[in-house]
J.: 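Before anything else, here's the structure in question.
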Amino acid sequence: MAADPTTTSYLDSLNDVQRQAVTTTDGPVLVVAGPGSGKTRVLTFRIAHIIEQGTAPYEILALTFTNKAAREMKARIETVVGKRASYIWAGTFHSLFARILRVEAQHIGYPSNFTIYDTDDTKSLIGSIIREMNLDKQVYGANAIKNRISSAKSSLITPKLYEQNEELLAQDKLANMPLVYKIYAAYVGRCKQAGAMDFDDLLFRLYELLQNVPEVVEKYRKKFKYVLVDEFQDTNTLQYAIIKRLVQYPQSPRNICVVGDDAQSIYAFRGATIQNILDFENDFGTFGIKTFKLEQNYRSTENIVNTANAVISYNKRQIQKSIWSDKGVGDKIRIIKAVDDNEEGRRVADTILEQKNRYHLQNSDIAILYRTNSQSRIFEEYLRRFNILYRVYGGQSFYQRKEVKDLIAYLRMVVNPNDEEAFRRSINHPKRGIGGTSVAKVTTLARQEGLTLFEALKHVALPNRTRHAADGYIHVIEKAQAKVDSADAYEVADMIAKSSGLTDMLRSDKSIEGMARLENHEALLDGIKSFVEDDTVIDTDTLPDKSLATYLQNIALLTDADEGDATNTDVVTLMSVHAAKGLEYKSIFVVGLEEKLFPSWMSMDSLDGLDEERRLFYVAITRAELYLTLSYANTRYRYGKMVMNEPSRFLAEVPADAVENTTGGGRRSNDFEFDKVARQREHRARVTGVAPRNRRGTARFAAPKVDPATFQPSPTDEVEVGRTVMHLKFGEGKVLHVDGGTDNRIATIHFSELPQPEKRIMLKFAKLQVLD
DNA sequence: AGAGCGCGCCTTTTT
DNA sequence: GGCGCGCTCT
């Protein structure tokens, strides 16, 4: 196709290697991309280029590591190719595969309403199995077994293969857990029976599907003309096997592009292997593989890039490349030495204030990165005292909170009554007098008769009073089930919140924590409501699905980082180094640089472990554009005990000439004074109950821009091109365009108050008031 | 069956 | 230091 003006304009903004990586669309391509080298630009332009050349967007599969990365990518492609971008199959492995499995589940004996078990469900189910097998749970730790099962699945090892694998059996014997293979088999059976898949199953079951059902694999091979994989260094054996299944077959065009950086591989702990990059070169070597190395770093100053290079050179095994920058030497790296974790927190907050003043930085230019999520607390404390707004990513997500999971358990029961973990969670919560003994009876009957727990509950012999309670529970679930096809997710959820007694139970708890729980409970209902009312078009090739089942599958794959940034965007970011991958900030603080913390004590006994920690440190420092500050404390509290730590070995690997000269220890004379005042303030806050809790608040769901009381939705046939309309959430907007079928009209509306003003709105769900 | 108390474990990192 | 689990008593 001849280059039209738009085509050339985006290609012009790339350097030579980038442009080649973009325009070499056909055949296998490996892009090795250093930090800040424009990897995302290449990926997005490449997809845009493929579309410009005439491929339909829905024929492109783009696998990213996080939902956020996928969303960003789509938004950026949209600026080149327009609205068509929304049809691209871009998302995480887990979310896109769940979407396929929902359609194809029947081929592998699963309902399309399958439940997704999260980590808690998995652990709890493994716990039940251990108990039922009468094993000592001191010896058989649920966590260890979960990891064992997870890595088996990630390496394509079924229970059957596990049982035949001498090496794995020997390892288990050595760990005093010779029966892991039996637990694994039982676990897989129970998941299947419950109509549930854990995170690994979303990959593994899809792999099985592609392996065993020819018409399905045909269908998706035909559908996906181009496949792209971001962060390829973090894929595991199973993920790569799926990719190969899709693109590696006779007569395949092998239009596969993987982008990655071996130096940024930080997920070996969950089965990711750099081996995939090497294998990729072998697997596609005979099919004219093209390799491009992006080595110019456009993000960071020379000081930062040189430091990163120096640090990573301590790792022996790596793909040769030389990352360079021409952004000038830049500021020296600062190192904060603190006597304890408190001082570390205070001095980091102090430095943030100083940088904001000196360099005119916004809060949003700054991030604090730590090795473990538990380190966030102390920084939160001092940022709060200094009146610096912040947001913590990671840790417990909203949907992991107990009170939220309690209501979700009921919703899961409604959608999939076979869901064993949802049953256990909801059966006696709120308390209705069905305790351990009764549940044990139910479980026994279920095992004997091969029934699900919910079925068994209906038939099991129980004392009168308990029988009555059980019938009440069954009624709550079944009444909601009767409604689930005719009502939307919110109506069902609202009904069950009341009929289960959950709302009443939370209302009666007047303690501060109780009120926070009630708030979260209500926030969940609000969230479901906005899911139902959300009338923007996301995946236009499928009709919007407001069912409870869809809602549940959506939230199961949400992580904390995906949740709304809607309210206040000028905040300092706090997160783990892992969560920071792919992001960049003008100023970065890497904190807690101590032996046994960073590198983690868990990884210190192996060279591979240490290498991965070093790559993690490499990822951390390469997030910085202009300013990099490293900090450590000589002592800190861990499990309530004071521990002493040596400074991290990684600090010694930072070149001395890149570091700012700090003469004289750096203690300020008023440090102690400040401490005293601050402590008193903190104490007062605790006593009066104003102490900050619930760090993420409930504002996660965007507040309506319009007063709902005066808002009057107009009939949708009044929505026409050129009219000014009011939307409950997006405010005032102008209708640019209306399309779609008669029974599904879609309006394109420009909302001037939004950062991305153009929205596509489905009129059949729309809440719009026509103003003139 | 449920409330209350003490013990022990936890902390890597995430979809 | 805090949470979850199990034991014991009612």
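The figures that follow rest on heavy atoms only: side chains count, while hydrogens, waters and symmetry mates do not. Just so it is clear: chains get the letters A, B, ... in the order the sequence lines come, proteins before strands, and each one is counted from 1.
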J.: Does Ser600(A) reach a base, just sugar-phosphate, or nothing at all? Heavy atoms under 4.0 Å.
T.: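 Base contact - Ser600(A) has a heavy atom under 4.0 Å of at least one base atom.
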
J.: Nearest whole Å is fine: how far is dC10(B) P from Lys641(A) NZ?
T.: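 After rounding, the gap between these two atoms is 13 Å.
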
J.: By nearest atom, which of the nucleotides dT14(B), dT15(B), dT12(B) is closest to the Ser576(A) side chain?
T.: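 Closest nucleotide among those given: dT14(B).
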
J.: Where do Asp118(A) and Tyr399(A) land on the side-chain hydrogen bond (donor to acceptor under 3.5 Å, both in side chains) test, with the steps shown first?
T.: CA-CA 10 Å; Asp118(A) 68 10; Tyr399(A) 298 101; over 6 Å; no

J.: If only side-chain N and O atoms count, and only distance matters, is there a donor-acceptor pair under 3.5 Å linking Tyr187(A) with Asp198(A)?
T.: yes

J.: Identify whether any heavy atom of Ser374(A) sits under 4.0 Å from a base atom; if not, whether one sits that close to sugar-phosphate; answer base, sugar-phosphate or nothing.
T.: base

J.: Name the pairs: protein N/O against N/O of nucleotides 1-5 of chain B, kept only if under 3.5 Å.
T.:
unit_1	atom_1	unit_2	atom_2	d
dA1(B)	OP1	Ser438(A)	OG	2.9
dA1(B)	OP2	Thr437(A)	N	3.2
dA1(B)	OP2	Thr437(A)	OG1	2.2
dG2(B)	OP1	Gly433(A)	N	3.2
dG2(B)	OP2	Asn428(A)	ND2	3.1

J.: Kindly state whether the pair Tyr639(A) / dT11(B) counts as stacked, where counting means centroids closer than 5.5 Å and planes tilted less than 30° apart.
T.: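 One would not call Tyr639(A) stacked on the dT11(B) base.
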
J.: Given dT13(B), dT15(B), dT12(B), which nucleotide is nearest the side-chain atoms of Phe199(A)?
T.: dT15(B)

J.: Ignoring hydrogens and geometry beyond distance, is a side-chain donor-acceptor pair present between Asp340(A) and Tyr637(A) at under 3.5 Å?
T.: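 No.
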
J.: In B/S/- notation, 5' to 3', how is nucleotides 2-10 of chain C contacted by protein heavy atoms closer than 4.0 Å?
T.: ---SS----

J.: Base, sugar-phosphate or nothing for Tyr637(A)? Non-hydrogen atoms, less than 4.0 Å.
T.: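 The residue Tyr637(A) makes no contact with any strand.
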
J.: Between Thr119(A) and dT14(B), does any side-chain N or O lie under 4.0 Å from OP1 or OP2?
T.: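 Answer no for this pair, as no side-chain N or O of Thr119(A) is under 4.0 Å from OP1 or OP2.
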
J.: May I ask you to evaluate whether Asn373(A) reaches the phosphate of dT13(B), defined as a side-chain N or O under 4.0 Å from OP1 or OP2?
T.: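 Checking dT13(B) against Asn373(A), a side-chain N or O does come within under 4.0 Å of OP1 or OP2.
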
J.: Answer yes or no as to whether dT12(B) has its base stacked against Trp601(A), where stacking requires a ring-centre separation under 5.5 angstrom and planes under 30 degrees apart.
T.: no

J.: Nearest 0.5 Å, please: how far is CH2 in Trp89(A) from CD1 in Ile100(A)?
T.: 5.0 Å

J.: Give the nucleotide from the list dT15(B), dT13(B), dC10(B) with an atom nearest to the side chain of His578(A).
T.: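 Side chain of His578(A) sits closest to dT13(B).
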
J.: Give the ring-plane orientation class for Tyr240(A) versus Phe280(A), where under 30° counts as parallel, over 60° as perpendicular and anything between as tilted.
T.: tilted

J.: Would you say dT15(B) has OP1 or OP2 under 4.0 Å from some side-chain N or O of Asn236(A)?
T.: no

J.: Does the Arg425(A) side chain pair with the main chain of Leu407(A), one donor and one acceptor, at a distance under 3.5 Å?
T.: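 No; judged by distance alone, with no hydrogens or angles, the pair does not exist.
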
J.: Side chains of Arg346(A) and Arg385(A), heavy atoms from C-beta outward: is any pair under 4.5 Å?
T.: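 Sidechains of Arg385(A) and Arg346(A): no contact.
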
J.: Specify the separation, in whole Å, of atom OH of Tyr267(A) and atom P of dT14(B).
T.: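 It works out to 6 Å between those atoms.
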
J.: Quick one: do the Arg102(A) and Thr550(A) side chains pair a donor with an acceptor below 3.5 Å?
T.: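 A pair is found: one side chain offers a donor N or O, the other an acceptor, under 3.5 Å apart.
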
J.: Report yes if the distance between the aromatic ring centroids of Tyr267(A) and Phe65(A) is under 6.0 Å, otherwise no.
T.: yes

J.: In whole angstrom, give the distance that lies between atom CD1 of Ile378(A) and atom P of dG1(C).
T.: 12 Å

